Every structure is written in C-alpha cells, then in structure tokens.
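As structure tokens, the structure follows; a few thoughts come after it.
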Amino acid sequence: MQKYCAECTSCKKQADATPHITTCASCGGILDIKYDYDAIKKSIGRKTLEESRDRTMWRYRAFLPVSDETDVTGGLRVGNSPLYKAERLGEETGLFNLYIKDDGFNPTSSLKDRASAMAVVKAAEAGASVIACASTGNAASSLAGSAAKTGFGTYIFVPSRAPRGKVTQLLVFGAKVISVDGSYEETFRLSAAAIERWGWYNRNAAINPFLMEGKKTVSFEIAEQLNWEIPDYVAVSVGDGCTAAGVWKGFYDLYAAGLTDKLPRLISVQAEGCSPINNAVEAGCDKLVPTEENTIADSIAVGVPRNFLKAVMAIRQSNGITVNVSDREILDAIALMGKTTGVFAEPAGAAGTAGVIKARGNGLIPKDASVVSIVTGNGLKDIKGGEKAAGSPILVKPDMNALLDGFEKAGVIPDR
Ligand SMILES: *Cc1c(COP(=O)(O)O)cnc(C)c1O
Ligand SMILES: [Zn+2]
C-alpha cells in the first residue's frame, strides 16, 4: 500500500495517486493528496531531521508523494532558503518578531522551484519526456530550469505581459516558449488544449495535485529554522492559490504527524486589482467570481484562480486574515524591505510583506506576534518593478564639481 492517495476536494471520491493523475475522474474537481500519518510518523521525526545531511527539500521525503523506488537526487538544489530575523524592518513596522523567509534564494529564484522539482520527479515516474505548463512566469522558468537539469523537453505558455527577466530565463534554459497575446486565463486554456492534443506531462497549477506538495516544504523549513516554535502568522501572496494552500498543508502535516502542536494563521495577501480568493473568504462563500488581472504584481495577477477551493479552505481552516494591497503599497514594501533587510523581492514577492505592514497598521496583528513573511520571488526577475520602487541613481559627469552639483540637486548631504 502506498502511504498516500488522492481525494477530490469537491466530491470527496478517492483514487490511486498515479503519477499521471490530474483532476477528479468523476467530477473534474481539484485533487488533494492524503497521507497515512501513522506510517509517516514511524520514519520521520525531529531527531531524524536533526541527523539528516540532506539540505534539499527532499530531506522531507517521508512527507512527499514519491514512490520509494524513485531517485530524487538528479535535480537542481532546491530548498534550504534562509530565514532572517528582520529586526530593522520589524522596528519600522512595529513588529518585534518579524522574519523573512527568502525563497528567491532558490536555483531559478522563486518558490516555484519547489513545485518544479516535484514536477520533474513525477514526470519521470510517469515515463514522460516532455512537460508543459502555462504560467504567469515563475512556474515556467522554474520548470524550464529543473527540466534542463534532468533532461526533459518543455513547452511553455506565458501571457505576453510576463516580465522579460522571466522569459529570458525560459529561453536560456532551452524551453519552447509560446508568448500568448492574451490574459493568463486565455494562456492557461490554450496550454490545456495543447497538452490534450499532444499528451505532454501537465505541470499546470492545481491541475497537477503533486505540485502543491513540493511547495509545502517551505513550511517544514520554517518550522525547523524556528526550532519548532511555530509562528503566530505566516504571510504569503496569493495568485492561483497553490502556494497558500501548500504553506498551510506543510504546517498541517507536521501537526498531524505529531512533530508540532501548533498551527499558524495565514495572512493571505492579494492585489487590490485582483483579489478573487480574498473576496470569497471575506464573503464567506465558496463560489469563484472571476476578477480583472489589474496589478503590477504579475505573478499574482490571476483572475480565475485554479486552486480556488483549496486556498479558500486553507485560509479559513487556519483562521486566517485577508489583506488586499495596492500597487503603491507593494512598491513601498519592495523599497522598505530592500533597505532594511537586504532582500530584493519582485512585486509579488514583496506583496506578502506589504500585507503584513498593512495588517499591522490596521491593528489586525499585535506587535509581539511572531510573523513570518515569505518572499516568493527575487527582484532581479522584474527590474522594472524594482526601478519603480527605488527610483534612479544620481547621474553625473566624471568630475568633482558635477558630483557636488549632483548631490545638491538630489538633496544629498554626504556624511562620513
Ligand atoms: C506563483 C507566485 C505566487 C503565488 O502563488 P500561487 O500558487 O499562484 O498562489 C506568489 N509570488 C510569486 C513570486 C509567484 O511566482
Ligand atoms: Zn470529484
């Protein structure tokens, strides 16, 4: 017997979690992987983790849906991203126990690497040789990177608005890139039709239930890095909803297997111009009402979230908070986080922190609460966002008078 199976989030029917499985065979619903926690408990604990020398996300293999025979060592080095105590940012925001989990530290510079590392392992189990996906950018670039390392071909569909940094990553990693002149929703539908037609392995968000399982390893790391002191809040930016649901699942797994005795509350952060998941949570309803995709944070510009139900349930189950942030608040968070922590986030990567700042400002979180904000992607992927956040340099001719003039114009009084 496998230690895991698949269960439909809508009709609750169970099925064998074969490597090819996508959505529910009876109702088309999104599947969730379920585990036998009693069996898991026997093979992993705080002590085995302490002794483990594997510093990748696969150190948590006992909690992951891979067959015992599968070799997971051939991929990029994903996981073990730093968790920083953000004292200076905490002072600025009035939070004394604020942490930044910098997942932009992963090999292709986003949290999506955790899902893509899983995707190539499951594609190998499925005997596939080509993997495809639609993506706002990072799922694509991470898949292309992981596929390049492990030898899969990739067909990648991105909306034409995807930032150049991410598209360049794709091309460098040798993906066949299809830039779709349309919204993410239209891009997704075209990719689904192509996957159907050519039978590629499907790495589309939520449609493939294994991806979220890779993403949940970020929570295992947070728990270990905090010496198993589970934080009061974990903030994450939300697009399709797989990251938020994965973050919750990771903490839930640890709790269910008896490694921890506390669960955090999620802070679900969306953009004001695109907040279908937060809208549903706030309205207390399970119906997805699609919205526009109106935000600078391209990675969370998802008007029709693919993992809607799981994300809504995760936020509710965690007794979570919803916060919508404006583009201005996102840009301010990029700049403030940059100059107080040394972490450079892309807009969606800073949105979680923008949400923390806003929630603290509104009195939604107490000043002594422990809060982890996950930075989901590195700022070098989207230079335009960084420039909008941080302004321009002082431009001078190469002589001292020009420098003095430049300082004066910029209002800079040089100190020593
Ligand atoms: C994909 C992504 C998100 C959101 O994850 P979802 O699973 O789509 O909710 C947030 N930030 C970054 C940088 C991303 O790439
Ligand atoms: Zn179903």
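We count ligands from 1, going down the list as the structure has it; atoms in each ligand are counted the same way. Please read these numbers as outputs of a predicted model, since none were measured by experiment.
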Under 4.0 Å from a heavy atom of [X]: which atoms of ligand 1 are those, numbered in the order shown and with their elements?
| X | result |
| --- | --- |
| C242 | 6 (P), 7 (O), 9 (O) |
| G377 | 13 (C) |
| G239 | 4 (C), 6 (P), 8 (O), 9 (O) |
| V238 | 9 (O) |
| E346 | 13 (C) |

With a 4.0 Å heavy-atom cut-off (strictly under), which part of N138 contacts ligand 1: side chain, backbone, both or neither?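 N138 to ligand 1: side-chain contact only, backbone stays beyond 4.0 Å.
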Which residue supplies the protein heavy atom nearest to [atom], what is that atom called, and how far is it?
| atom | value |
| --- | --- |
| atom 10 (C) of ligand 1 | S237 OG, 3.1 Å |
| atom 8 (O) of ligand 1 | D240 N, 2.8 Å |
| atom 5 (O) of ligand 1 | T243 OG1, 2.7 Å |
| atom 11 (N) of ligand 1 | T376 OG1, 2.6 Å |
| atom 2 (C) of ligand 1 | K112 NZ, 2.3 Å |

So, regarding [X] and ligand 1 (criterion: nitrogen or oxygen to nitrogen or oxygen, under 3.5 Å), is there a contact or not?
| X | answer |
| --- | --- |
| K215 | yes |
| S110 | no |
| G349 | no |
| I300 | no |

Hey, does A244 sit under 4.0 Å from ligand 1 if you only count heavy atoms?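 Judged by the 4.0 Å heavy-atom criterion, A244 does not count as contacting ligand 1.
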Under 6.0 Å from the [atom1] atom of [X], do we count more than 12 heavy atoms belonging to anything else shown?
| X | atom1 | result |
| --- | --- | --- |
| K12 | NZ | yes |
| R77 | CZ | yes |
| E292 | CD | no |

S52: which residues meet the side-chain contact (heavy atoms from CB on, under 4.5 Å) condition with it, sequence neighbours left out?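 Listed in chain order: D54, R59.
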Got a salt bridge between [X] and [Y], using NZ or NE/NH1/NH2 to carboxylate O under 4.0 Å?
| X | Y | result |
| --- | --- | --- |
| R46 | E50 | no |
| E387 | K384 | no |
| R328 | D332 | yes |
| E346 | K112 | no |
| R88 | E92 | no |
| E221 | R114 | yes |
| R316 | D286 | yes |

Quiz question: by atom type and distance under 3.5 Å, do the side chains of S275 and N279 form a donor-acceptor pair?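 There is such a pair (donor and acceptor under 3.5 Å, judged by atom type) between the side chains of S275 and N279.
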For the pair F210 and Y4, name the ring-plane relationship: parallel under 30°, tilted 30 to 60°, perpendicular over 60°.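 Rings of F210 and Y4: perpendicular, as their planes differ by over 60°.
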D32 and K249: CA distance, side-chain angles, deciding distance, salt bridge (Lys or Arg N to Asp or Glu O under 4.0 Å) verdict: CA-CA 10 Å; D32 188 30; K249 180 111 177 241; 3.0 Å; yes
For the Zn ion (ligand 2), what is the number of protein N, O or S atoms at a distance under 2.8 Å?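 Step by step: take the Zn ion (ligand 2), keep protein N, O, S below 2.8 Å, and you get 4.
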